[in-house]
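Notes follow once the structure below has been shown.
In this text the structure is predicted, and so the values were computed from the model without any measurement. The chains referred to below are lettered A, B, ... by the order of the sequence lines, with proteins before strands, and numbering in each begins at 1.
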Amino acid sequence: MEILKTYKLYIGGQFPRTESGRSYLVESPDGKAIANACLASKKDVRNAVQVARKAQSSWAAKTAFNKGQILYRIAEVFEGRKAQLIEEMCSLGASIQEASQEVQIAIDRCVYYAGWADKYQALSSSVNPVASSHFNFSVPEPMGVVGIVACQETALSGLVSQMLPIIAGGNSVVLLANSKKPLCAITLGEVLATSDVPGGVVNILTGNVAEMLPTLAGHMDVNALCLAKLPTELMVSAQESAIDNLKRCIIQTQDFSEASAQGMQYITDFQEIKTTWHPIEQLAGGMGGY
Amino acid sequence: MQPNTSLTDFSVLLNSVAPVDQIGSLERIAKIQTRSLKGPAKLQGLRMALSMIDLTTLEGKDTPGKVRQMCYKAQHLHDQADGLPTVAAVCVFPTMVGVAKAALAHTAIKVAAVSTAFPAGQAPFEVKKLDTLHAVEHGADEIDMVISRGRFLAGDYNFVFDEIAAIKELCGSARLKVIFETGELDSLDQVKRVSTLAIAAGADFIKTSTGKIQPAATFPVVLTMLTAIKDHYDKTGQMIGMKPAGGISSAKIALQHLLLVKEVLGEAWLNNEWYRFGASSLANDLLMQYQKQLTGKYQSASYFSID
Amino acid sequence: MSSTNWNLEPSLESTAVVQIKAQYELFINGQWQAPLSKTYFDSVNPADESHLAKIAWAQAQDIDLAVQAARSAYENVWSKLSGAERGKYLFRIARLMQEKSRELAVLETLDGGKPIKESRDVDVPLACNHFFYYAGWADKLQEAFAGREVAALGLAAQITPWNFPLLMLAWKIAPALACGNTVVLKPAETTSLTALKFAEICQEAGLPAGVVNIVTGYGDSGAALVAHPDVNKIAFTGSTAVGKQIQKACIGTDKKLTLELGGKSANIILEDAPIDQAVEGVINAIFFNQGHVCCAGSRLYVQESIATRVIEKLKFRLQSIYVGNPLDKNTDIGAINSKKQLETIERYISLGVEEGAEMYQPSCHLPAKGYYCPPTLFTDVAQSARIAQEEIFGPVLTIQTFRTIDEVLQKANNSPYGLAAGVWTDKGARIFGLSSQLQAGVVWANTYNKFDPASPFGGYKESGFGREGGLHGLSAYLKFIN
């Protein structure tokens with residue numbers, strides 16, 4: 001007899017069941033029962049945000065080089081899970097070719113953003129020639145905790161394309177998986193859990209996006225939202241909830257299954273720019289400056 | 001007379017001297033320089049500046065004749081104008097103290113003598129002592145000593161402290177001005193440090209420069225010294241005088257210095273008991289500006305005597 | 001020895017250089033147009049409550065005309081010019097502003113109450129420089145974003161505050177035009193005059209009609225502008241409350257939004273700081289422009305070992321702060337911008353006293369007429385006091401002490417805002433340690449309230465999003481095609 005896998009949540013590096021004790025049936029397009037996934041609740045969202053906040057500062061404090069190494073490690077572990085991911089996608093209606101292609105894109109994204117982890121800073125920062133005797137420079141800094149609503153069309157390439165640049169930039173993430181195709185998301189959690197990504201940096205919740213999103217969007221300790229295509233009503237209500245603490249809302253409409261749907265901008269969209277001033281002492285009678 | 005601080009307290013004191021940020025100092029000065037002085041306040045400022053001058057001649061070619069002429073000018077700045085003050089003092093070499101005292105007998109004008117092997121201060125202490133005693137014995141009211149900059153830069157703060165304290169003892173009732181020659185020091189931090197040191201060792205006045213080295217009394221240096229005076233006053237209630245010297249040749253700059261004193265120390269310092277300008281050519285520019293205020297006409301140097 | 005009284009005489013800047021019209025119309029499509037409703041409001045000089053001018057109050061239909069003019073100018077003229085040509089207009093505007101710098105400064109002071117020395121030495125030169133700076137970007141946009149293709153957004157709606165009227169206009173209009181957008185700008189109702197003077201400068205510069213439109217009015221005029229469907233970009237500087245309304249109004253639209261909002265910025269003095277410059281920095285941080293500064297260093301944190309000394313020095317320093325007629329060249333703190341704002345500040349001062357903090361104000365003679373507030377310090381303030389949490393937007397400083405650096409870091413970040421912060425210490429490693437941990441868009445280390453066109457400005461958290469100034473200020477006015 002086949003042993004069926006229970007798909008749990010991924011929060012704080014652990015795989016807890018939803019505190020609500022609820023689950024929902026994941027079905028193939030032709031109505032076949034594939035697995036049970038957790039139907040995460042508002043409290044799960046809250047717990048995930050809490051651990052994401054706790055994890056964020058130490059994740060950001062890791063050296064850029066180290067973050068790159070960890071992202072590359074994700075690619076390595078991913079590679080070993082290829083077959084499982086393809087199978088999960090096929091069970092939800094993808095052809096083997098489509099599934100293989102999507103997994104390949106996901107792995108390639110890891111490599112791509114691993115390389116960015118210690119480079120976007122140089123390309124998005126500046127030394128500013130101010131007209132006084134001050135050293136003035138601007139650098140990117142992570143926004144903090146970012147809520148992601150994963151692309152509801154793709155099973156893997158979307159959420160990976162959304163998540164990687166955000167964590168490469170030192171943010172932590174609470175990710176609401178594709179409601180209908182949540183399996184790869186949780187498998188991704190397993191990949192992350194075994195690839196040196198500190199617990200809490202990425203937190204993955206499965207369930208009904210419409211139920212979870214208002215809590216995530218309204219949470220006062222979430223700094224930004226990364227929203228993929230969503231039904232208008234859901235999108236509007238998320239953006240409205242985001243206003244209370246002035247969350248940055250970035251709406252992503254790119255086709256994540258395209259190999260080209262990657263770039264430094266997806267990192268810097270989730271960065272603040274900090275400008276620092278410091279006096280330059282004037283020596284030998286000249287004004288200091290750059 | 002005792003130094004203002006004991007030697008053990010002194011090392012603690014030096015370590016507590018706050019750093020000075022040069023750019024911040026320049027910005028503070030820029031604010032002062034945008035102050036606008038008009039009307040009676042400007043006239044008052046010009047008169048005040050005149051009354052604070054230490055009219056100075058410190059040349060190898062100084063003669064009794066030159067000193068006597070300068071002493072006359074010290075008493076008669078511009079007799080064509082009414083209500084002008086005299087300068088505060090004349091400042092000469094020790095050999096000229098007797099001449100100056102005689103020329104200024106029966107006036108309130110003080111005689112200051114530079115001392116301690118002015119301007120370089122590179123002489124054995126015995127020589128510095130004799131130098132000072134000579135001036136004091138000939139009636140100098142004020143002694144303008146130079147510090148041993150080499151020893152200061154080498155970090156030998158105790159030596160510098162002791163030297164000042166010893167000269168202070170020789171001064172008797174004469175007031176001691178301590179010249180740092182800030183143009184030979186490295187940074188504003190050192191200016192703050194040496195000011196604190198000199199005040200602790202017994203200086204009655206602290207003075208920027210000899211006038212022989214550039215830069216001399218720059219605004220950031222003066223501001224730093226004023227804050228050292230303020231810190232000492234806030235801690236002890238004791239006032240210390242300030243004398244910028246060298247490079248203050250225009251009325252405009254002098255008035256800005258007075259505004260700096262007003263804001264940094266307060267009006268109690270705005271008199272010649274606590275503030276002096278060491279200058280030779282400043283007096284005439286002040287006089288020309290004074291006349292301009294009275295007559296509304298810009299003046300010519302030809303109308304102001306140059307003793 | 002008795003002290004000498006030496007008081008500066010009033011030194012008034014001449015107002016002969018400005019001619020204020022009795023009535024101002026809307027500047028739409030290069031022309032002065034009366035509002036369709038024929039409604040006007042009064043502009044008052046906050047320094048003496050005298051009437052300055054009647055100013056047109058734009059309603060939705062006027063806004064619509066302005067937007068149409070800007071759209072037409074965008075489609076037919078501005079989008080067809082090369083970047084280099086756009087840049088030339090901006091350079092020309094910058095030069096004209098410089099030539100009229102004294103007029104602009106006096107006008108700014110009359111209208112808004114800020115000291116003439118600030119409008120003359122800070123606001124106006126910075127505004128001119130901002131146009132110079134962005135003029136040079138106009139033909140280099142592609143180089144600014146290597147590997148990406150950029151284009152203008154189209155029509156930018158811009159709403160500016162009353163604290164730096166001309167400077168904020170420059171922060172908004174210069175990058176917008178450089179990036180190829182046309183503009184409808186609404187200045188704050190209490191300070192419209194320099195924006196209207198700027199409209200004249202646009203005419204004089206020969207800027208094509210409709211590229212810049214100035215619509216005056218109250219919040220309702222701004223709301224109509226924000227709501228207009230043909231607007232592609234909204235840039236707002238003002239209160240967080242209004243910023244949130246604007247963010248809401250933009251939901252479901254493609255309007256690109258940048259917000260520069262409130263703050264309650266921490267200014268931190270460590271025990272090894274250059275103490276006299278730090279004290280001066282505190283003065284500059286909170287009393288610059290009457291404290292009407294979104295990034296004002298309104299929360300002072302002083303390490304306990306030097307707190308007594310710093311407070312003593314601050315109190316002494318306040319004695320040489322001149323409060324009074326903004327036209328007096330010696331005035332350091334001018335008039336509070338409006339009666340309403342004065343009431344807000346006074347409410348907070350009473351609140352601080354009620355909250356048990358100790359208040360200090362130097363004795364100063366305030367003019368009998370006009371809106372004035374003396375510089376105010378509160379000591380013995382707790383982090384949980386409302387005066388230490390809420391933006392007062394006036395010359396009111398709260399002073400708290402701290403023991404350790406970790407403690408002050410937590411307290412500094414313990415705010416919904418994140419606009420700016422100040423750090424005073426002589427230790428380089430500590431500066432970077434703190435500055436990298438402070439949640440603020442601008443960190444001033446051993447200085448405060450410095451601005452420059454080349455330096456990006458903007459906040460974290462509820463202080464807004466987007467940057468103005470520098471290279472980073474460009475992307476607010478561009479769309480990325482790939």
Heavy-atom distances under 4.5 Å only: say whether C/Tyr133 touches chain A with side chain, backbone, both or neither.
neither
Polar side-chain atom of A/Thr275 near backbone of C/Pro456 as donor-acceptor pair, under 3.5 Å
yes
Within-4.5 Å side-chain heavy-atom neighbours: A/Asn245 and C/Lys461:
no
For C/Glu143, does the CD atom sit with more than 12 other heavy atoms under 6.0 Å from it, leaving out its own atoms?
yes
In this structure, are over 12 heavy atoms from other groups packed under 6.0 Å from C/Lys411 atom NZ?
yes
Hey, is the main chain of A/Asp244 close enough, under 3.5 Å, to the side chain of C/Lys244 for a donor-acceptor pair?
yes
Among the options C/Pro453, C/Gly464, C/Gly147, pick out the one with the most heavy-atom pairs lying under 4.5 Å from chain A.
C/Gly464
I want to check something: taking the side chain as every heavy atom from C-beta on, are C/Val442 and A/Thr276 in contact at a cut-off of under 4.5 Å?
no
Could you have a look at C/Ala440, C/Gly418, C/Pro416, C/Ala420 and say which one has the most heavy-atom pairs with chain A under 4.5 angstrom?
C/Ala440
Atom group of A/Met264 that falls short of 4.5 Å from chain C, counting heavy atoms
neither
Work out which heavy atom in C/Asp452 is nearest to a heavy atom in A/Ala131; give both atom names and the distance.
OD2-N, 2.7 Å
About how many Å separate NE2 of A/His134 and NZ of C/Lys450, when rounded to the nearest 0.5 Å?
5.0 Å
Could you check if a side-chain atom of C/Leu471 sits within less than 4.5 angstrom of a side-chain atom of A/Asn128, using non-hydrogen atoms only?
no
Relative to chain C, which of A/Met143, A/Gln265, A/Met235 shows the most heavy atom pairs under 4.5 Å?
A/Gln265
Greater than 12 external heavy atoms within 6.0 Å of C/Arg95's CZ
no
Would one find more than 12 heavy atoms of other residues, nucleotides or ligands at under 6.0 Å from atom CZ of A/Phe137?
yes
Under 3.5 Å: donor-acceptor pair, side chain of A/Lys274, backbone of C/Gly459:
no
Got more than 12 heavy atoms from elsewhere within 6.0 Å of CG, C/Asp254?
no
A/Arg248 (side chain) donor-acceptor with C/Gly466 (main chain) under 3.5 angstrom
no
How long is the gap from OG1 on C/Thr447 to NE2 on A/His278, to the nearest 0.5 Å?
9.5 Å
State the OG-CZ distance between A/Ser138 and C/Arg467, to the nearest 0.5 angstrom.
8.5 Å
When you measure from the side chain of C/His472 to the backbone of A/Ser124, do you find a donor-acceptor pair of N or O atoms at a distance under 3.5 Å?
yes
Pairwise side-chain contact, C/Phe465 with A/Glu272, heavy-atom cut-off 4.5 Å (strictly under):
no
Side chain, backbone, both or neither: which part of A/Phe135 has a non-hydrogen atom closer than 4.5 Å to chain C?
neither
Crowded around C/Lys248 NZ? As in, over 12 foreign heavy atoms under 6.0 Å?
no
Please classify the contact of C/Ile431 with chain A as side chain, backbone, both or neither, using a heavy-atom distance under 4.5 Å.
side chain
Calculate, to the nearest 0.5 Å, the distance between atoms OG and CG belonging to A/Ser260 and C/Asn482 respectively.
10.0 Å
Taking atom CD of A/Glu141 and atom OG of C/Ser436, what is their separation to the nearest 0.5 Å?
7.0 Å
Quick check on A/Asn136 against chain C: is it the side chain, the backbone, both or neither that has a heavy atom closer than 4.5 Å?
side chain
Shortest non-hydrogen contact from C/Ser455 to A/Val130?
CB-CG1, 4.0 Å
Measure C/Gln245 against the heavy atoms of chain A and call it side chain, backbone, both or neither at under 4.5 Å.
neither
Does NZ belonging to C/Lys140 count more than 12 external heavy atoms closer than 6.0 Å?
yes
